[in-house]
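Below: one structure, written as structure tokens.
Naming convention: chains lettered A, B, ... in sequence-line order (proteins, then strands); numbering from 1 in each chain. Values reported hereafter were calculated over all heavy atoms of this structure, with side chains retained and with hydrogens, waters and symmetry mates removed. The shown structure was predicted, so the numbers you read here are calculated from the model rather than taken from an experiment.
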Amino acid sequence: MELLSGLNPQQQQAVTAVSGPTLVLAGPGSGKTRVLTHRIAYLISHLGIKPYNILAVTFTNKAAKEMGARVDDLLSGETRGLQLGTFHSICARLLRREAERLPFDANFVIFDDDDQVSLVRQVIKDLDIDDKSYRPQAVQGSISRAKNELILPDDYPIQTYRDEVVQRVYLRYQQALLQNNALDFDDLLLWVAILLEDQPAARDKYARQFEHILVDEFQDTNTVQYRLLKHLASFHRNLFVVGDADQSIYRWRGADYRNVQRFEEDFPDAATILLEQNYRSTQNILNAAMAVIDQNHFRVRKELFTDRGDGVPLSMQEVFNAREEGGLIVNTIARLVGRGEHEPGDFAIMYRTNAQSRSLEEAFIHANLPYKLVGAQRFYGRREIKDLLGYLRLVYNPNDEASLARVINVPRRKIGGKTMTDLRTVAVNAGLSMGGVLLDLARGEKSEFLGTFGKGAAASLEGFGHLLAGWRAHHIDSPPLILLDQVLADIDYQSYLDDGSEEATDRWDNVQELRRLAAEYADRPLGEFLESIALVSDQDTVDQSANVPTLLTLHAAKGLEFPVVFITGLEDGTLPHSRSFDDPEEMEEERRLFYVGITRAKDRVYLSYALNRTTFGYSEPTEPSRFLDDIPENILDGHNPLGTTRYVERHQRQRQDEWERPNSPAAAVIQPTYRAGQNVRHAAWGNGMVLNTKIEDGEEIVDVFFEEAGLKKLVASLARLEVVGK
DNA sequence: ATAAAGTGACTTTTT
DNA sequence: GTCACTTTAT
């Protein structure tokens, strides 16, 4: 059978597993995505299951998209109707379809993190609770945790006075969400679970529809997701889950790898298939990874093996601080690329906390090397993007008060705190949302609300109401880009942004990027555009097409692979993070995080720790990560952190420029290939003239003055300069 | 109503 | 050392 060729016996067994519950325990790099895609193709082509009756769930849109493309490939496009997506997107779609059975409208908006915290803050204020003792962020966290555990406000367990306060906020918060016709991330799952639990007709409908359910990254499901799956699989019982408890890294988000055990208990007849053969890494990398993860208790030991050979040992390097760490990594990349051993796109630089990305970025910028940073909130968190999305959301759903509050006075419209308080009061008294009042004010003289405000305020509010009413009247069904452009024009956003600074240009560039995204939704409704933006994950921004190094958190690295991986900041307090020190469970999760990082690598792993790390703006001495002790010395090159004279070294050692085995042969001496006065051409910067060239750290550094871009310092081996004319 | 200046939390990870 | 929110001065 063609579908099965190229699969090992265990993979074949998983692909063709007969109906009934199946648990696939898949080690890193063991081809689980292959198993999932081939199984879907197998179900459709060999068992005649209709795509519409198959549900496949992933955790990121990117994974869903890739899976869809691969199944499409296998079946030459016969996949129409296949239900494939993330938990959140599938639930959002289902809720819009079933809105009639639920206490909100089909055009609900999805509140992001900021919106959620703002709303909690508002509720805390309304309830006259002290926001110093009850910080909105912390309370929101408690509410979110409850929701992930399927605990509703009435069932919120009360042991302390704080619990009682949280319960009150939770109750009011849920009411406020409904008034805004909004759901938060957790609600998307929660409401589906409630629907399936409380309404047998709905449960029956979906349970019958989904003859086969496949779940990726099962170890990262939380209580709600697990319950949901059980309901959806309650009729056919064909639940096929793939996961690896060792790669569970979302405990803090409510994920519980014990769902794997729960699955075995709930489905005692489940078939279990083990995938251990690794097709990604060298044996040295796998051995290091196993040495690290074997220190965790209460786990099923797996023996990872490959036929790729041992490969090279892992490298470890001590550096003075983050700056040196960045420089070292950049130099190492330049060297490996210069030697022709790797391409720029082969490299990934991973870190525990987002804050670490800055010094690494600076190293790349300093060396004039391009790089790619993974992280959606980098873009969607920008003020200008949030502003504009706020406008679109408000047009889509005028009851969304988070968006309204964000945009009503941006740009300045003389609507300040006082006017907002009044507007709120008027809205509450009239039983309307603030947006509803504004839309009524747009009727001008006919509006009964006009007289309730002072003259100035009334004019300002009426003006904004007109804008909003106009957008809704003319563009609610227009392609998102048309609406966006109309908004941009009506509020003259460009001149609002333009304060002459360099940052302003940046911001306007971001607006253009948003326009480009909107353009992709030309033939889809506004709601879909907004929803897809609300549900993008950081991982979705991973772009393999640009041939440049990738910077990303260890969390974002899950599911990816790179030929060369740098794992930075291996210090106690950073990895493992200090927050995990007093909780053994969290410490084990830190270890899994390190394990995930190591197993992303195909060929090489570089580990580094800094003797000093700046947090809060203060540089403090650190200790090497305890995890480093677990990697056997015979597969680890470089400085051994145990029992060394590092305190002396801290003061005496020379700056380290290069990441090399201490005893490796010196790099070949290279000669300059350019000379001053030459005319050259660069792919991005156009024509220029070489001013100077020199050898530094075994790399040729060329100073070029470009006609358009001015003076640039370039690493010759990476810049690919073309000599032109004479 | 707004701009300027001050305060305090924040850094773990993100659908 | 940064962001977001609050207070103060205009």
Side-chain angles (χ1 to χ4, degrees), chain A residues 57-64 85-92 110-114 116-118 121 125 131-132 135-138 141 144 147-148 183-190 217 220-222 224-225 248-255 350-358 374-378 380-383 386 405-406 409-420 454 456-457 460 531-541 552-558 569 573-581 583 586-587 589-590 592-594 596-597 613-619:
Chain A
V57 201
T58 62
F59 271 84
T60 68
N61 298 294
K62 182 169 175 279
T86 65
F87 268 107
H88 288 84
S89 65
I90 284 169
C91 287
I110 298 167
F111 268 17
D112 68 21
D113 234 46
D114 284 351
Q116 292 171 43
V117 174
S118 311
R121 178 176 295 118
K125 209 169 271 175
D131 67 352
K132 291 274 188 307
R135 273 188 278 101
Q137 199 130 49
S144 177
K147 287 184 170 185
N148 286 327
L183 303 189
D184 65 21
F185 284 133
D186 305 316
D187 279 343
L188 294 174
L189 310 173
L190 188 63
E217 308 279 16
D220 284 329
T221 50
N222 61 31
V224 179
Q225 287 160 337
S248 165
I249 54 175
Y250 286 108
R251 197 176 101 97
W252 49 274
R253 207 166 73 190
M350 302 177 185
Y351 37 85
R352 176 65 178 85
T353 67
N354 280 307
Q356 289 167 259
S357 73
R358 172 171 300 207
V374 176
Q377 106 276 33
R378 266 295 192 299
Y380 293 107
R382 305 294 292 243
R383 190 183 338 139
K386 297 207 82 170
R406 165 154 212 115
N409 205 28
V410 176
R412 305 264 107 91
R413 292 191 186 91
K414 302 185 173 182
I415 300 171
K418 175 76 169 64
T419 307
M420 283 300 279
S460 303
E531 180 174 306
S532 72
I533 282 177
L535 298 180
V536 281
S537 71
D538 276 1
Q539 268 219 355
D540 298 335
T541 70
L552 74 179
T553 62
L554 286 161
H555 282 90
K558 197 172 64 150
T574 302
L575 181 62
H577 196 272
S578 50
R579 293 256 174 147
S580 65
F581 282 174
D583 183 343
E586 298 217 348
M587 183 57 81
E589 180 144 315
E590 296 289 308
R592 291 194 291 268
L593 203 46
F594 186 33
V596 166
R613 177 80 45 193
T614 304
T615 20
F616 264 152
Y618 297 103
S619 178

Taking only side-chain nitrogens and oxygens of [X], does any of them come within less than 4.0 Å of OP1 or OP2 of [N]?
X: A:Thr553; N: B:dT14; value: yes
X: A:Ser537; N: B:dT15; value: yes
X: A:Asn148; N: B:dT15; value: no

Using a heavy-atom cut-off of 4.0 Å across all strands, would you classify A:Glu590 as base, sugar-phosphate, or nothing?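 Base, at least one base atom sits under 4.0 Å.
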A:Arg358 near the nucleic acid: base, sugar-phosphate alone, or nothing, with a heavy-atom cut-off under 4.0 Å?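 Sugar-phosphate, no base atom in range.
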Verify stack between A:Trp252 ring and B:dT13 base, 5.5 Å, 30 degrees: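 Answer is yes, a stack.
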Map every base of DNA chain C to its dot-bracket character, where paired means a Watson-Crick or G-U wobble contact with both distances under 3.5 Å and | marks a partner outside the strand. .|||||||||
Where do A:Asp540 and A:Ser537 land on the side-chain hydrogen bond (donor to acceptor under 3.5 Å, both in side chains) test, with the steps shown first? CA-CA 5 Å; A:Asp540 298 335; A:Ser537 71; 3.0 Å; yes
Between [atom2] on [N] and [atom1] on [X], what's the gap in Å once rounded to a whole number?
X: A:Lys62; N: B:dT15; atom1: NZ; atom2: C1'; value: 16 Å
X: A:Ile90; N: B:dT15; atom1: CD1; atom2: P; value: 16 Å
X: A:Phe59; N: B:dT13; atom1: CZ; atom2: C1'; value: 15 Å
X: A:Asp186; N: B:dT14; atom1: CG; atom2: C1'; value: 11 Å
X: A:Leu575; N: B:dT11; atom1: CG; atom2: P; value: 18 Å
X: A:Lys132; N: B:dG8; atom1: NZ; atom2: C1'; value: 8 Å
X: A:Gln225; N: B:dT14; atom1: CD; atom2: P; value: 16 Å
X: A:Leu188; N: B:dT15; atom1: CG; atom2: C1'; value: 9 Å

Give the ring-plane orientation class for A:His555 versus A:Tyr250, where under 30° counts as parallel, over 60° as perpendicular and anything between as tilted.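 Answer is tilted, since the angle falls between 30° and 60°.
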Closest nucleotide among [options] to the [X] side chain:
X: A:His555; options: B:dC10, B:dT14, B:dT15; answer: B:dT14
X: A:Arg135; options: B:dT14, B:dT11, B:dA9; answer: B:dA9
X: A:Thr615; options: B:dT11, B:dT14, B:dC10; answer: B:dT11

For A:His577 and for A:Phe185, find the nucleotide of DNA chain B with the closest heavy atom, then tell me which residue's nucleotide is more 5'.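 Between the two, 5'-proximity favours A:His577.
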Scan every strand shown for a Watson-Crick or G-U wobble partner of B:dT13, both distances under 3.5 Å, and answer none if you come up empty.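 Partner of B:dT13: none found under 3.5 Å.
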Determine whether A:Asp114 and A:Lys386 make a side-chain contact, defined as any pair of heavy atoms from C-beta on separated by less than 4.5 Å.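 A:Asp114 vs A:Lys386: side chains touch.
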Can you pull the contact range of chain A along DNA chain C, 5' to 3', using atoms under 4.0 angstrom from its heavy atoms?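 Contact boundaries, 5' end first: C:dG1 to C:dT6.
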Basic-acidic side-chain contact under 4.0 Å: A:Lys125, A:Asp131: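 Salt bridge absent between A:Lys125 and A:Asp131.
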What's the verdict on salt bridge (Lys or Arg N to Asp or Glu O under 4.0 Å) for A:Arg251 and A:Glu586, showing C-alpha distance, side-chain angles and the deciding distance? CA-CA 8 Å; A:Arg251 197 176 101 97; A:Glu586 298 217 348; 3.6 Å; yes
Contact state string [nucleotides 1-7 of chain B, B base, S sugar-phosphate only, - no protein heavy atom under 4.0 Å]: SSS----
